[in-house]
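Below: the structure, in structure tokens.
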There are 2 protein chains.
Amino acid sequence: MDGGRISTDDGVDATPETGGRPMRADAVKNRQRILDAAAEVFASEGVSVPIDAVAARAGVGVGTLYRHFPTKEALFEAIVLTKLIDLADAARAGAGASDPGQAFFAFVQLMAAEATMKRDLFDALDAAGIDFKSRCADGVEALQAGITTLLGRAVAVGAVRDDVDAGEVVALIIGACHAAESIGGNAESVQRLVGVVCGGLRRSAEAL
Amino acid sequence: MDGGRISTDDGVDATPETGGRPMRADAVKNRQRILDAAAEVFASEGVSVPIDAVAARAGVGVGTLYRHFPTKEALFEAIVLTKLIDLADAARAGAGASDPGQAFFAFVQLMAAEATMKRDLFDALDAAGIDFKSRCADGVEALQAGITTLLGRAVAVGAVRDDVDAGEVVALIIGACHAAESIGGNAESVQRLVGVVCGGLRRSAEAL
DNA sequence: TGACAAACGGAACCTTCGTTCCGTATAGTG
DNA sequence: CACTATACGGAACGAAGGTTCCGTTTGTCA
């Protein structure tokens, strides 16, 4: 329920055409069906679903899937990358707000909501430190940059403590989402737990 | 590096004897070696290590391992259960402290330190909501009860906000550990991030 | 010490899952 | 309409890991 649009501008990236010839009509259609199906399935089941499930959902054979995306990981990346960029855009959009503190916390809640409803993004960010960061470098960097800006402004205004960086913020939020899921985990509890973490992000804290 | 002691008092639980006859000496020894090896391996590599690795580490064949623990999951439970109970004991111990607030936050940091150094506990608590809670019910309940007491006292003194329950606290802490791991994740950063969460747990918070 | 039940080791088995291969179907073109 | 490059489906393959089976070893007891 999203439609995994990808930058198919002139095909430098994700196999939109092979060589120089335009893709056959059915191929284009199938590619899109696969992206849509994968987005749904990854989001609801997580990254560990069998690739067959994705193919079945898309109504194509595994062979077809593999012709479009040479590897399960490639498919995963194709989908997550767009989501990361969407989030980065949202962060940029909030950077001009008049109230930096509010903009920051609003973005945090947005990211939390996104990550919770879509286990794939969740998993992706979760594994960010491992070897995923390097593959989706573009998206991760863009997001990191956007958050850094938001965070910097919020800190400058004194709305947020000054001893955390963007990476830690992302990690904490994803952690809170994890937390919400391991409990009953509806949208409301996510918001509550993220709210607790936000409380911790506001200004100082005795070092305990 | 811990030694997985288990309540082998009179053998009602974890297969210390089969039927009514006492276990053979070598069997007792091997059982313990398996528990120790599994504790080490699970802690350092996580729950997903091949069972062969555990057997190899213990210096026994897989057959032997399976005779003592009918399933990988059973072995996992045997180990985690003792750790949960240890934590629950620690919680109980802190319940009599004169400063409830400090006792609560000290316990939280203890739990975080434990969970981080031992990926198994981490994984276990992480999956607590899924179908693990039912299996290690004893341990989870004991821990939950201990934390509830600590939390209740801390709340009563006004050191902690009154709108979170024990389950949420555990979830948040595990989430913070996850967070610390996905970054560089040394012991120090764990403490920092858990500190942020603790900050959020202190007293009220504007609802955002 | 001899016999037997208990325990051992590890090869073999089965299932799951990612990936490849190839015979078949079809969009696009003259 | 026929021809060919492109794309398709799904069976087959191989690696990985959990579990079982069985011939061999060993502790225990008379």
Side-chain angles (χ1 to χ4, degrees), chain A residues 8 11 14-38 41-42 45-79 120 123 127 131-132 135, chain B residues 8 11 14-38 41-42 45-79 120 123 127 131-132 135:
Chain A
T8 323
T15 323
E17 43 184 82
T18 311
R21 225 167 340 282
M23 262 173 54
R24 238 169 66 175
D26 56 346
V28 173
K29 188 191 66 185
N30 276 330
R31 188 172 200 285
Q32 193 55 51
R33 285 172 87 175
I34 290 170
L35 280 171
D36 291 348
V41 175
F42 282 157
E45 314 275 327
V47 188
S48 59
V49 294
I51 205 87
D52 303 37
V54 175
R57 177 66 160 259
V60 304
V62 269
T64 300
L65 193 156
Y66 271 95
R67 199 161 324 95
H68 286 291
F69 303 93
T71 241
K72 185 187 182 182
E73 211 180 22
L75 174 58
F76 176 55
E77 285 169 27
I79 290 175
D120 51 352
D123 290 346
D131 82 325
F132 168 79
R135 294 180 176 284
Chain B
T8 322
T15 325
E17 42 183 83
T18 309
R21 223 167 344 283
M23 261 171 56
R24 237 169 66 173
D26 55 346
V28 173
K29 188 191 64 182
N30 277 330
R31 187 173 202 286
Q32 193 56 49
R33 284 173 87 176
I34 291 170
L35 280 172
D36 291 349
V41 175
F42 283 159
E45 315 275 328
V47 188
S48 59
V49 295
I51 205 88
D52 303 39
V54 175
R57 176 68 159 257
V60 303
V62 270
T64 301
L65 192 155
Y66 271 95
R67 200 161 325 93
H68 287 291
F69 303 92
T71 240
K72 186 187 182 181
E73 209 179 26
L75 174 58
F76 176 56
E77 284 169 28
I79 289 176
D120 51 351
D123 291 345
D131 82 324
F132 168 80
R135 294 180 176 283

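Throughout, protein chains are lettered first and strands after them, A, B, ... in sequence-line order, and every chain is numbered starting at 1. Model, not experiment: these values are computed from the prediction. No hydrogens, no waters, no symmetry mates; every other heavy atom, side chains included, goes into these values.
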With a 4.0 Å cut-off on heavy atoms, is Val49(A) in touch with a base, just the backbone sugar-phosphate, or nothing at all? sugar-phosphate

So, do Gln32(B) and Val28(B) sit near enough that their side-chain heavy atoms are less than 4.5 Å apart? no

Figure out the [atom1]/[atom2] separation between [X] and [N], and round it to whole Å.
X: Arg67(B); N: dA7(C); atom1: CZ; atom2: P; answer: 8 Å
X: Tyr66(B); N: dA12(C); atom1: OH; atom2: P; answer: 18 Å
X: Arg21(B); N: dA5(C); atom1: CZ; atom2: P; answer: 10 Å
X: Lys72(B); N: dT16(C); atom1: NZ; atom2: P; answer: 16 Å
X: Lys29(A); N: dA27(C); atom1: NZ; atom2: P; answer: 8 Å
X: Met23(A); N: dT26(C); atom1: CE; atom2: P; answer: 18 Å
X: Asp52(A); N: dT15(C); atom1: CG; atom2: P; answer: 16 Å
X: Leu65(B); N: dG17(D); atom1: CG; atom2: C1'; answer: 14 Å

Could you state the interatomic distance from [atom1] ([X]) to [atom2] ([Y]), rounded to the nearest 0.5 Å?
X: Tyr66(B); Y: Ile51(B); atom1: OH; atom2: CD1; answer: 4.5 Å
X: Asn30(A); Y: Leu35(A); atom1: CG; atom2: CG; answer: 11.0 Å
X: Arg33(A); Y: Thr64(A); atom1: CZ; atom2: OG1; answer: 10.5 Å

Does a side-chain N or O of [X] approach OP1 or OP2 of [N] to a distance below 4.0 Å, or not?
X: Thr64(B); N: dG9(C); answer: yes
X: Thr71(B); N: dT19(D); answer: yes
X: His68(A); N: dC8(D); answer: yes
X: Asn30(B); N: dC8(C); answer: yes

Both Asp26(B) and Pro50(B) contact DNA chain D. Which one's nearest nucleotide lies toward the 5' end? Pro50(B)

5'-most contact on DNA chain D (nearest-nucleotide basis), Val62(B) vs Ala25(B), goes to Val62(B)

Determine whether any donor atom in the side chain of Arg24(B) lies under 3.5 Å from an acceptor atom in the base of dA6(C), or the reverse, and answer yes or no. yes

Side chain of Lys72(A), backbone of Val47(A): donor and acceptor closer than 3.5 Å? yes

Choosing from dT19(D), dA27(C), dG17(D), which nucleotide comes nearest the side chain of Ile51(B)? dT19(D)

Checking dA27(C), dT19(C), dA7(C) against the side chain of Ala27(B) (C-beta onward), the nearest is dA7(C)

